[in-house]
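Below: the structure, in structure tokens.
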Number of protein chains: 2
Amino acid sequence: MTTASSLSPERPAGTVRSFRDRQFQLREEAILDAANQLLAQRGFELMSMDELAAAVGIAKGSLYKHFESKEQLAAASMTRLLRRIESRLLTQPAQDSPRRRLEALLRWTLAERAAGRMPLLPSTNPALQQALMGTRGYTEALGAVGEALAQLVEQGIEAGELRSDLPVPVLLFTVYARSCDPSFDFLRASGEFSDEQVIDFMVATCFDGMARPRTGTPAQ
Amino acid sequence: MTTASSLSPERPAGTVRSFRDRQFQLREEAILDAANQLLAQRGFELMSMDELAAAVGIAKGSLYKHFESKEQLAAASMTRLLRRIESRLLTQPAQDSPRRRLEALLRWTLAERAAGRMPLLPSTNPALQQALMGTRGYTEALGAVGEALAQLVEQGIEAGELRSDLPVPVLLFTVYARSCDPSFDFLRASGEFSDEQVIDFMVATCFDGMARPRTGTPAQ
DNA sequence: GTCTATACTGAGATAGAC
DNA sequence: GTCTATCTCAGTATAGAC
């Protein structure tokens with residue numbers, strides 16, 4: 001078995017032994033970049049390995065030297081995204097409040113989406129889900145991000161910034177779901193708003209809802 | 001061309017000329033019922049005409065006497081849903097406030113989803129989108145529902161129930177998106193909550209958001 | 001390891017008997 | 001109009017030369 005993703009956790013980060021290895025790794029990054037874009041545009045089922053190869057500028061067969069199946073390629077794509085999210089979570093300014101940090105993360109993911117780099121994978125594809133759960137790096141990264149987010153939500157509740165009348169998973173999924181929300185595309189497609197405005201809108205409804213706040217009469 | 005959906009708007013509702021016609025129409029209902037279920041479970045790309053035919057208990061070829069393509073079948077499925085939504089909107093108690101009516105609609109769509117009857121169609125499939133937009137009944141129903149919802153939102157804003165600091169389309173899409181929200185499936189899959197609870201949670205976050213309302217000290 | 005060429009399969013759509 | 005059987009093609013994956 002020669003198809004081991006150079007991004008897999010087996011190889012310690014930064015360990016590059018030769019020039020050819022380095023080139024191989026760079027090509028893999030290019031594949032994942034293109035995959036992210038195509039997954040965002042077409043979705044998993046409609047992205048073909050043919051067009052992916054064409055987009056990268058390599059032969060289709062070469063893809064299978066990097067990833068042993070389309071599913072595992074998608075898993076690698078998602079894993080890289082999760083790692084980036086994790087990395088962002090870890091480097092956020094500690095003085096920021098939990099709510100601000102959650103907001104910043106949501107803004108970042110929506111910006112990635114606006115840039116066409118957000119690989120949205122269908123939850124209805126059993127083969128894909130199985131591949132995801134069977135890919136070591138993916139489950140690890142998912143667990144790490146999930147845990148970090150849950151902590152952030154709990155801190156937000158304790159700090160009185162987030163509602164305490166809902167279970168933590170509900171809040172967690174609510175902010176997560178907003179990053180895949182189809183209204184983002186609809187609002188952008190309408191052409192009425194800038195990307196920044198759309199992101200503002202979505203963050204606003206996510207945290208403050210659609211209803212008019214009951215802040216009595218004064219101020220606003 | 002003999003494949004004209006008996007649910008198409010060309011035939012006035014209630015016009016049934018013969019027993020065979022009636023049987024044909026009933027079978028078409030059965031096809032759409034099964035299609036809704038499979039579209040909800042598997043999604044458009046993964047639903048095969050083979051398994052749909054098997055689920056209905058008819059031959060695959062017979063499907064094409066009712067619908068000329070998989071895309072148009074999906075369009076008919078969505079159209080029927082939109083018509084039901086429209087019908088519900090029209091029969092809602094007039095004394096209910098706009099917010100309550102929007103809430104009731106969201107609850108209903110989520111209940112449909114819980115029952116596995118919600119056909120979720122991907123927005124990333126160009127062939128499908130083209131078929132949708134080229135299907136007369138679909139565009140009509142979509143327009144009618146969109147307009148009715150926009151009116152409801154506007155009334156909600158005027159009544160002071162919904163936020164006035166966001167454009168109407170933003171609120172409209174926000175409530176719409178909630179009915180396709182993947183967190184619904186995740187929360188149900190966790191097994192921690194009943195379907196009713198999950199629906200309550202999603203309605204709550206949709207209208208009131210994740211943040212703790214600032215009603216602490218009186219008058220801000 | 002990358003290329004070109006190809007095998008294989010699943011699935012949408014059609015043909016023709018009844 | 002419904003059935004069985006078949007066509008066609010896109011797309012994943014692999015073989016083999018270099």
Side-chain angles (χ1 to χ4, degrees), chain A residues 1-6 16-31 34-35 38-39 42-77 124-128 130-131, chain B residues 1-7 16-31 34-35 38-39 42-77 122 124-128 130-131:
Chain A
M1 208 260 278
T2 57
T3 62
S5 160
S6 62
V16 175
R17 278 169 305 197
S18 72
F19 179 72
R20 291 198 74 80
D21 268 10
R22 177 89 193 134
Q23 214 171 11
F24 185 75
Q25 192 171 337
L26 282 176
R27 184 167 302 211
E28 193 160 304
E29 287 285 338
I31 293 173
L38 286 173
L39 287 171
R42 294 206 188 298
F44 178 75
E45 279 87 7
L46 259 58
M47 176 191 81
S48 77
M49 297 298 262
D50 280 283
E51 66 180 347
L52 176 57
V56 183
I58 63 174
K60 178 165 61 165
S62 302
L63 290 178
Y64 289 87
K65 296 291 179 179
H66 291 263
F67 307 98
E68 52 185 34
S69 72
K70 187 184 179 184
E71 282 77 16
Q72 298 219 352
L73 188 146
S77 173
T124 55
N125 188 327
L128 178 57
Q130 194 174 355
Chain B
M1 208 260 276
T2 57
T3 64
S5 161
S6 62
L7 295 175
V16 175
R17 278 167 303 195
S18 72
F19 180 73
R20 293 198 71 81
D21 267 11
R22 177 89 193 132
Q23 214 171 12
F24 186 75
Q25 192 173 336
L26 282 177
R27 184 167 302 210
E28 192 160 305
E29 288 286 339
I31 293 173
L38 286 173
L39 287 172
R42 294 205 187 301
F44 178 75
E45 278 88 5
L46 259 58
M47 176 192 79
S48 77
M49 298 296 264
D50 281 282
E51 66 180 347
L52 175 58
V56 182
I58 62 174
K60 178 165 63 162
S62 302
L63 290 177
Y64 289 87
K65 296 290 179 179
H66 291 264
F67 307 98
E68 52 185 30
S69 71
K70 186 183 178 185
E71 282 77 16
Q72 298 218 352
L73 187 146
S77 173
T124 56
N125 189 328
L128 177 58
Q130 195 174 355

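So that the names make sense, note that chain A is the first sequence line, chain B the second, and so on, each numbered from 1.
Rounding to whole angstrom units, CG of residue A:D21 and P of C:dG1 are separated by 7 Å. Across the protein-nucleic acid pair, B:E28 atom CD and D:dG1 atom P stand 11 Å apart, rounded to whole Å. Taking atom CD1 of residue A:I58 and atom P of nucleotide C:dG1, one finds them 13 Å apart after rounding to whole Å. With rounding to whole Å, A:R22 atom CZ is found 16 Å from C:dG1 atom P. Summarising the geometry, the separation between CG on A:L26 and P on C:dT2 is reported as 12 Å, rounded to the nearest angstrom.
Remark: B:R27 pairs with no residue by the salt bridge (Lys or Arg N to Asp or Glu O under 4.0 Å) rule, at least two apart or across chains.
Atoms CG and CG, from A:L52 and A:L39 in turn, are 8.0 Å apart once rounded to the nearest 0.5 Å. Rounding to the nearest 0.5 Å places NZ of B:K65 at 12.0 Å from CD1 of B:I58. With rounding to the nearest 0.5 Å, the separation of CG in B:L63 from CG in B:D50 is 9.0 Å.
Side-chain N or O atoms of B:E51 include one that pairs as donor or acceptor with a backbone N or O of B:S48 at under 3.5 Å. A donor-acceptor distance shorter than 3.5 angstrom exists from the side chain of B:K70 to the backbone of B:F44, with no hydrogens or angles considered.
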Q: Would you give a per-nucleotide map of nucleotides 8-18 of chain D, 5' to 3', where B means the base has a protein non-hydrogen atom under 4.0 Å away, S means only the sugar-phosphate does, and - means neither?
A: ----BBB----

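Residue A:H66 places at least one side-chain N or O under 4.0 Å from the OP1 or OP2 atom of C:dT2. Between A:S62 and C:dG1, a side-chain N or O to OP1/OP2 separation shorter than 4.0 Å is absent. In this model, the phosphate group of C:dT2 is approached by a side-chain N or O of A:R27 to a distance below 4.0 Å at OP1 or OP2.
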